[in-house]
There are 4 protein chains.
Amino acid sequence: MARTQEQNDKMSLATKHKIIEAGLSLFSRKGFSKTSVKDIAQTAGISTGLIYCHFSTKEELFSEILKKTIIEMSKAVRFPEDSNISPAQTFARFTANLLKDIQSSEDLSDYFLLITRCILEKDALNLMEEFKKSDLLLFENTARLIEKGQELGEFKQGNSYKMSLMFFSVIQGITDMKLFMGDKYVAPETSDIMTFLLK
Amino acid sequence: MARTQEQNDKMSLATKHKIIEAGLSLFSRKGFSKTSVKDIAQTAGISTGLIYCHFSTKEELFSEILKKTIIEMSKAVRFPEDSNISPAQTFARFTANLLKDIQSSEDLSDYFLLITRCILEKDALNLMEEFKKSDLLLFENTARLIEKGQELGEFKQGNSYKMSLMFFSVIQGITDMKLFMGDKYVAPETSDIMTFLLK
Amino acid sequence: MARTQEQNDKMSLATKHKIIEAGLSLFSRKGFSKTSVKDIAQTAGISTGLIYCHFSTKEELFSEILKKTIIEMSKAVRFPEDSNISPAQTFARFTANLLKDIQSSEDLSDYFLLITRCILEKDALNLMEEFKKSDLLLFENTARLIEKGQELGEFKQGNSYKMSLMFFSVIQGITDMKLFMGDKYVAPETSDIMTFLLK
Amino acid sequence: MARTQEQNDKMSLATKHKIIEAGLSLFSRKGFSKTSVKDIAQTAGISTGLIYCHFSTKEELFSEILKKTIIEMSKAVRFPEDSNISPAQTFARFTANLLKDIQSSEDLSDYFLLITRCILEKDALNLMEEFKKSDLLLFENTARLIEKGQELGEFKQGNSYKMSLMFFSVIQGITDMKLFMGDKYVAPETSDIMTFLLK
DNA sequence: AATGAATGAGATTTCATTCAT
DNA sequence: AATGAATGAAATCTCATTCAT
């Protein structure tokens, strides 16, 4: 008897998930060019060919992972509208989490690494298309959060979009340097980063 | 008639220079993997094989370019001991220059691009070796400059090495984001960056 | 409740038929190499694996389709022994039908296309084996029809087998050229083809 | 000392020639899909990679060979304007040569095989583009030759272009059948083929 | 020193075939 | 019988490196 539709879907999804996990991990650590499809398959514990049942090219796999990454990050910075937590606190928590992640090379830092490492290997323009599809949501969400903080008098005045970009520039830079220097890197404190936002 | 030793040396040096120029330009714009040895030869206006008379592998060529780049940057941040210019002014000038370069994608920004783009593609550990050879001079010079500023009461107190790393992290991040976003990027002002340092 | 033997057989036969239909259509239009087993399954509306319940390899499927095709064509040229229609008329009708089919890319022309396109992609020798199994019936039937025509004084004298081959060569060539040139092809008339047979 | 430009050109040309020779032979005998680039390289006695110094893809190699083939055939059918040989004689010679070639699987027949076998494996439309580039010269040259014959009263009246296509259809068909049947094939005589043209 | 043709190892990709369900 | 996820061998293509001249 054939497997049911449901069973197949579950298998397929599980495999796709394994591939994306392996891809994220390898792309973010080794970059696009130095990560081979074979690598990814081995890490995911499947055959090379199977990857091509789920993604038509290596590029497409990368693209999809990047898209997911941006969405994931976007979620992480989302400001809880009805919450009692102030923008400054949201930022501080997010930043502290990130710094911890960067220090221990986990979760969130993978996302930044992916963007840092891999985007730079590829046509920035092509990737901006991906970004546009995600509507630059991340930067805009963050800008909106900054505006809230400015209204509440927590943050300095200024162009909120520019400040949002500055914030992510700093994070990018820290992620880069950590990757680059490894254990030699002495990470800044949350407060160091908040300096340019807080009054 | 055979060329004299001297003539040969001069030619050889000129060729090597051409290769390094071409390499810096291509590696910083396209990254290590996407730059082929043939590309470099064509840009330098020489034959592919000739590169291997001067460098034994593509890796070595990259390494040498990186080393040169770090030394060059190190020079640019060197604090003029006997000058009348204060550390804060030195930093402000350097930062302003850099931001201008980044905006117009020139000179100094090439160096940062090279580090950002290419280091990340390679084994961070391997490259740290290169760095060690260059003695992490850049970061230490900068740390010393920060110390001077602290003595003069211009800069915040704190671990100067950590602050030095923070400074370069910010610069790295800005270079990345500019490359990534192109014209969409709204660069910060010098003063935004100096916030991290100034009292 | 288990299906009866009979029901199973009927289903099995229906499936096999669907596969052969899909195979004929795709092999004749796209050729052996460019037709994938998955293509055939999709066109037949079944799963890939099911094809292997009915045919052990892609080669075997092709072989079987070819065999059927040759038999089918053989039937089409069969001379109705007891009929009032003369050999010349039989030929003329067959040829006219064929030319019409070729012009509109239908039925009979599929058979010729299959032979033209696909046989050529494969080991001619291997396929001759298939042909032998079909006893070269087609060519011989046709030769016999030519002999009848010769007896009746309708056709030129000559080696009837050779003339039969010549006839099919001409048809093959026309099918090829039509496929190759598409709308640019100006097909010959029935009479043009009959020239070499008729007195 | 480096090789001179001339030496390099000679080497390069010799290699390209070897590749084209090997390609023509293999493509015409085995078809496009079943001929691997490795095959061609081995037949040409060179490394696989070297083929890609001369042709950017397998498709391009095939295309170039096809173009050459069409030109070559076009030359073979060219009517010598000022000659004493009549169109009928030109045709008869060409046809006789071709039949001989087909029988012994040589030279000219390779060209027809290439067209027959390989064109059919590929997008007819794509290849028509190639043909258009060659201006369908072959068919038109032949049509012109037929017109001469008609003026001289040697050939039947009728649309010369259509007759030209018919002629090549017959040749194609014969080449196909010969390939298909091998030694079992009994080829027609020159006169059988001329029937279509002669009064 | 200089050339660029040539090599060959390794990457991506395709697809006939198998297999667990 | 039926499914389609999974495999793995083989194909195309790239490119750092070598080598004859």
Side-chain angles (χ1 to χ4, degrees), chain A residues 1-5 7-16 33-39 41 46-59 61, chain B residues 2-3 7-9 11-12 15 33 35-42 46-59 61, chain C residues 2-3 7-9 11-12 15 33 35-42 46-59 61, chain D residues 1-5 7-16 33-39 41 46-59 61:
Chain A
M1 196 64 67
R3 279 185 293 259
T4 64
Q5 174 78 35
Q7 279 174 314
N8 269 323
D9 284 359
K10 205 187 278 179
M11 280 174 69
S12 183
L13 217 66
T15 300
K16 194 162 185 172
S33 294
K34 304 244 278 196
T35 300
S36 73
V37 175
K38 209 176 169 186
D39 274 353
I46 59 172
S47 67
T48 310
L50 187 50
I51 287 181
Y52 290 87
C53 294
H54 295 273
F55 305 92
S56 60
T57 61
K58 186 185 172 188
E59 292 274 328
L61 169 57
Chain B
R3 280 185 293 263
Q7 279 174 318
N8 268 329
D9 283 2
M11 279 176 66
S12 179
T15 301
S33 294
T35 300
S36 72
V37 175
K38 211 174 172 182
D39 271 354
I40 297 174
Q42 271 164 1
I46 58 170
S47 70
T48 312
L50 188 49
I51 288 180
Y52 288 86
C53 294
H54 295 274
F55 305 91
S56 61
T57 62
K58 186 186 173 188
E59 293 274 327
L61 169 58
Chain C
R3 280 186 292 263
Q7 278 176 317
N8 267 330
D9 284 0
M11 279 177 66
S12 179
T15 301
S33 294
T35 300
S36 72
V37 175
K38 211 175 173 182
D39 270 355
I40 297 173
Q42 271 165 0
I46 58 170
S47 69
T48 313
L50 189 48
I51 287 180
Y52 288 87
C53 295
H54 295 274
F55 306 91
S56 61
T57 61
K58 186 186 173 187
E59 293 274 326
L61 169 58
Chain D
M1 197 64 66
R3 278 185 292 259
T4 63
Q5 175 78 35
Q7 279 173 315
N8 269 323
D9 284 359
K10 205 187 279 179
M11 279 175 70
S12 184
L13 217 68
T15 300
K16 194 163 186 173
S33 294
K34 303 243 278 195
T35 300
S36 73
V37 175
K38 208 176 169 186
D39 275 353
I46 58 172
S47 68
T48 310
L50 187 49
I51 288 180
Y52 290 89
C53 294
H54 295 273
F55 306 91
S56 60
T57 61
K58 187 185 172 188
E59 292 274 328
L61 169 58

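Here is how names work: the chains are called A, B, and so on, in the same order as the sequence lines, proteins then strands, and each is numbered from 1.
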Rounded interatomic separation in angstrom, taking [atom1] from [X] and [atom2] from [N]:
| X | N | atom1 | atom2 | answer |
| --- | --- | --- | --- | --- |
| A:N8 | F:dA5 | CG | P | 5 Å |
| D:Q5 | F:dT21 | CD | C1' | 14 Å |
| B:F55 | F:dT18 | CZ | P | 16 Å |
| B:K58 | F:dT18 | NZ | P | 15 Å |
| C:E59 | E:dT17 | CD | C1' | 13 Å |
| A:K10 | E:dT21 | NZ | P | 13 Å |
| A:Q7 | F:dA2 | CD | C1' | 13 Å |
| B:Q42 | F:dC15 | CD | C1' | 13 Å |

(message) Once rounded to the nearest 0.5 Å, what's the spacing between atom NE2 of A:H54 and atom CG of A:L61?
(response)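 It comes to 11.0 Å.
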(message) Rounded to the nearest 0.5 Å, what separates atom CD in C:Q42 from atom OG in C:S47?
(response)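 Going from CD on C:Q42 over to OG on C:S47, the span is 11.0 Å.
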(request) List the atom of C:T57, the atom of C:Y52, and the distance in Å for their closest heavy-atom pair. (result)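 Scanning both residues, the minimum pair turns out to be CA-CE2, 4.2 Å.
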(request) Under the side chain to side chain contact (heavy atoms under 4.5 Å, CB included) rule, collect the residues that match up with D:K58, sequence neighbours excluded. (result)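 In terms of side chain to side chain contact (heavy atoms under 4.5 Å, CB included), with neighbours along the sequence ignored, D:K58 is linked to D:F27, D:F32, D:V37.
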(message) Taking side chain to side chain contact (heavy atoms under 4.5 Å, CB included) as the definition, give me every residue that meets it alongside D:S36, ordered by chain and number, with sequence neighbours left out.
(response)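 Side chain to side chain contact (heavy atoms under 4.5 Å, CB included) list for D:S36, sorted by chain: D:K38, D:D39.
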(request) Mind checking which stems touch DNA chain F? I mean at least 3 consecutive Watson-Crick or G-U pairs, both distances under 3.5 Å. (result)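 Output for stems: E:2-21 with F:2-21.
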Distances under 3.5 Å only, N/O to N/O: pair up the protein atoms with those of nucleotides 6-9 of chain E.
residue : atom : partner : partner atom : Å
E:dA6   : OP1  : D:T15   : OG1          : 2.8
E:dA6   : OP2  : D:T15   : OG1          : 3.0
E:dT7   : OP2  : D:S47   : N            : 2.8
E:dT7   : OP2  : D:S47   : OG           : 2.9

(request) Please name all residues satisfying salt bridge (charged side-chain N to carboxylate O under 4.0 Å, His left out) with D:D9, sequence neighbours left out, ordered by chain then number. (result)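 Partners of D:D9 under the salt bridge (charged side-chain N to carboxylate O under 4.0 Å, His left out) test: none.
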(request) Could you check A:S33 against C:T57 and say which one's nearest nucleotide on DNA chain E is further toward the 5' end? (result)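 The residue whose closest nucleotide sits nearer the 5' end is A:S33.
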(message) I want to confirm an ordering. Mapping C:S36 and A:Y52 to their closest nucleotides on DNA chain E, which one lands closer to the 5' end?
(response)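 Checking each residue's closest nucleotide, the 5'-ward one belongs to A:Y52.
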(request) Using a 4.0 Å heavy-atom cut-off across all strands, classify B:S56 as base, sugar-phosphate, or nothing. (result)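 Counting heavy atoms under 4.0 Å across all strands, no contact is made by B:S56.
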(message) Can you list everything that forms a side-chain hydrogen bond (donor to acceptor under 3.5 Å, both in side chains) with D:S56? Sequence neighbours excluded, please.
(response)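 D:S56 satisfies side-chain hydrogen bond (donor to acceptor under 3.5 Å, both in side chains) with D:E60 only.
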(message) Using side-chain heavy atoms (C-beta onward) and a distance below 4.5 Å, is B:L50 in contact with B:C53?
(response)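 In short, these two side chains touch, coming nearer than 4.5 Å.
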